[in-house]
Amino acid sequence: MKQVRKFTMVMFLLCMIFGTLHVSAADELLGTVVDGSLLTEETEVTMTVYPKARWSYLSDGTGSMAVTGTRTVRLSGSTAAKKTVDTIYVKMYLQRLVNGTWCTYYIGTKSTKYDTYYTSITETNISVEGGYYYRAYGSHGINKDGTIESASSYTDGIWID
């Protein structure tokens with residue numbers, strides 16, 4: 001019993017000397033999946049969605065997010081068609097995990113091009129608040145002679161300290 005008390009006292013003193021163990025929300029949630037997004041320690045994440053085979057025009061949509069500095073992230077996205085279409089677009093959103101739900105934190109501008117097969121958009125230096133997981137959500141679509149095809153991309157989550 002005295003050895004247990006000595007051990008406990010030694011551990012207590014070591015904690016006092018070297019500081020306390022810090023456990024954050026990131027540590028508790030790391031590796032879990034929330035609404036299809038894995039919560040990671042990565043600094044850059046990308047997701048490409050390949051629409052249904054029966055679609056005639058939409059080839060794929062890609063969304064990505066990267067940490068570019070202290071509490072700063074960059075969103076980028078692209079949409080590709082299998083051939084030239086009337087209209088093609090991509091719109092990127094930055095979402096933040098709040099109480100287990102992804103909430104839109106930032107809405108990027110929509111990039112639309114006409115009579116082409118590819119469009120992309122990049123939003124740089126978006127300032128964010130620390131202490132949350134963030135993910136990129138992309139809305140991708142085309143219109144060809146009144147036929148509309150669309151898809152959504154969601155990246156994994158990145159912790160911003």
Side-chain angles (χ1 to χ4, degrees), residues 22-161:
H22 175 70
V23 178
S24 70
D27 298 329
E28 295 171 6
L29 296 174
L30 183 64
T32 60
V33 176
V34 178
D35 195 21
S37 295
L38 176 67
L39 303 182
T40 72
E41 293 178 312
E42 300 295 324
T43 58
E44 187 168 354
V45 288
T46 299
M47 170 56 153
T48 300
V49 61
Y50 299 96
K52 301 172 184 170
R54 72 175 187 269
W55 288 356
S56 303
Y57 304 104
L58 186 58
S59 174
D60 63 74
T62 299
S64 65
M65 180 178 71
V67 177
T68 58
T70 304
R71 295 188 180 169
T72 308
V73 299
R74 179 187 71 239
L75 285 178
S76 61
S78 65
T79 303
K82 296 175 184 174
K83 49 190 154 189
T84 299
V85 295
D86 300 332
T87 307
I88 187 167
Y89 74 87
V90 60
K91 186 167 187 173
M92 296 302 299
Y93 302 81
L94 181 64
Q95 296 185 321
R96 178 169 72 185
L97 186 63
V98 179
N99 296 324
T101 302
W102 291 107
C103 302
T104 299
Y105 181 81
Y106 174 86
I107 301 173
T109 57
K110 185 176 182 179
S111 175
T112 304
K113 293 190 178 176
Y114 304 93
D115 298 319
T116 188
Y117 64 94
Y118 181 81
T119 185
S120 65
I121 185 172
T122 300
E123 301 282 350
T124 58
N125 299 326
I126 302 165
S127 295
V128 296
E129 296 176 44
Y132 294 96
Y133 280 99
Y134 291 86
R135 75 174 181 181
Y137 155 58
S139 176
H140 313 273
I142 60 93
N143 181 350
K144 175 67 174 170
D145 297 328
T147 298
I148 298 171
E149 297 174 353
S150 63
S152 299
S153 62
Y154 297 92
T155 68
D156 288 337
I158 295 177
W159 177 259
I160 303 293
D161 217 2

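Atom set for the values below is all heavy atoms of this structure, side chains included, hydrogens, waters and symmetry mates excluded. Predicted model only: the values in this text are computed from it and were never measured.
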OH/Y117: more than 12 non-hydrogen atoms of other groups inside 6.0 Å: no
H140 side chain to S150 side chain, donor-acceptor N/O pair below 3.5 angstrom: no
Distance-only side-chain donor-acceptor flag, S127 / T72, under 3.5 Å: no
Aromatic ring pairing W159/Y133, orientation class (parallel under 30°, perpendicular over 60°, tilted between): perpendicular
Check: T79 side chain, Y89 main-chain N or O, donor-acceptor pair, under 3.5 Å: yes
Side chain to side chain contact (heavy atoms under 4.5 Å, CB included) between S56 and E149, worked out: CA-CA 8 Å; S56 303; E149 297 174 353; 4.0 Å; yes
Ionic contact status for E129 with R96, cut-off 4.0 Å: yes
Near-ring test Y106/Y93, centroid separation under 6.0 angstrom: no
Side chains of T119 and S111, donor plus acceptor under 3.5 Å: yes
Between CD on residue E44 and CD1 on residue I158, distance to nearest 0.5 Å: 7.5 Å
Trace of the side chain to side chain contact (heavy atoms under 4.5 Å, CB included) decision for Y118 with S78: CA-CA 7 Å; Y118 181 81; S78 65; 3.4 Å; yes
D35/R135 salt bridge by N-O under 4.0 Å criterion: yes
T155 side-chain N/O to A136 backbone N/O, donor-acceptor pair under 3.5 Å: yes
I126 CD1 to T68 OG1 distance, which is reported to the nearest 0.5 Å: 8.5 Å
Check against side chain to side chain contact (heavy atoms under 4.5 Å, CB included), I121 and T109: CA-CA 8 Å; I121 185 172; T109 57; 3.4 Å; yes
Closest non-hydrogen atom pair, S76 against T122: CB-OG1, 3.7 Å
K82 to Y57, cation-pi by 6.0 Å centre distance and 45° axis angle: no
Closest heavy-atom pair and its distance - A151, V49: CB-CG1, 4.0 Å
Trace of the side chain to side chain contact (heavy atoms under 4.5 Å, CB included) decision for L97 with Y134: CA-CA 6 Å; L97 186 63; Y134 291 86; over 6 Å; no
Gap separating the OG1 atom of T147 from the CD1 atom of I142, nearest 0.5 angstrom: 7.0 Å
Distance (rounded to the nearest 0.5 Å) between S59 OG and I88 CD1: 9.0 Å
Point-to-point distance, once rounded to the nearest 0.5 Å, from CE of M47 to CG of L38: 11.5 Å
Side-chain donor/acceptor of D86 to backbone N/O of D145, under 3.5 Å: yes
Donor on one side chain, acceptor on other, T48 and T62, under 3.5 Å: yes
Non-hydrogen side-chain atoms of V34 and L39 separated by less than 4.5 Å: yes
Exercise: identify the closest heavy-atom pair between G157 and W102: CA-CH2, 4.1 Å
Test item: T116 side-chain N/O and K113 main-chain N/O as donor-acceptor pair under 3.5 Å: no
Test item: E41 side-chain N/O and L30 main-chain N/O as donor-acceptor pair under 3.5 Å: no
Separation between CG of L75 and CG of L94, rounded to the nearest 0.5 Å: 5.0 Å
Atom of I160, atom of V67 and distance for their closest heavy-atom approach: CD1-CG2, 3.7 Å
Donor + acceptor pair across side chains of Q95, S37 (<3.5 Å): no
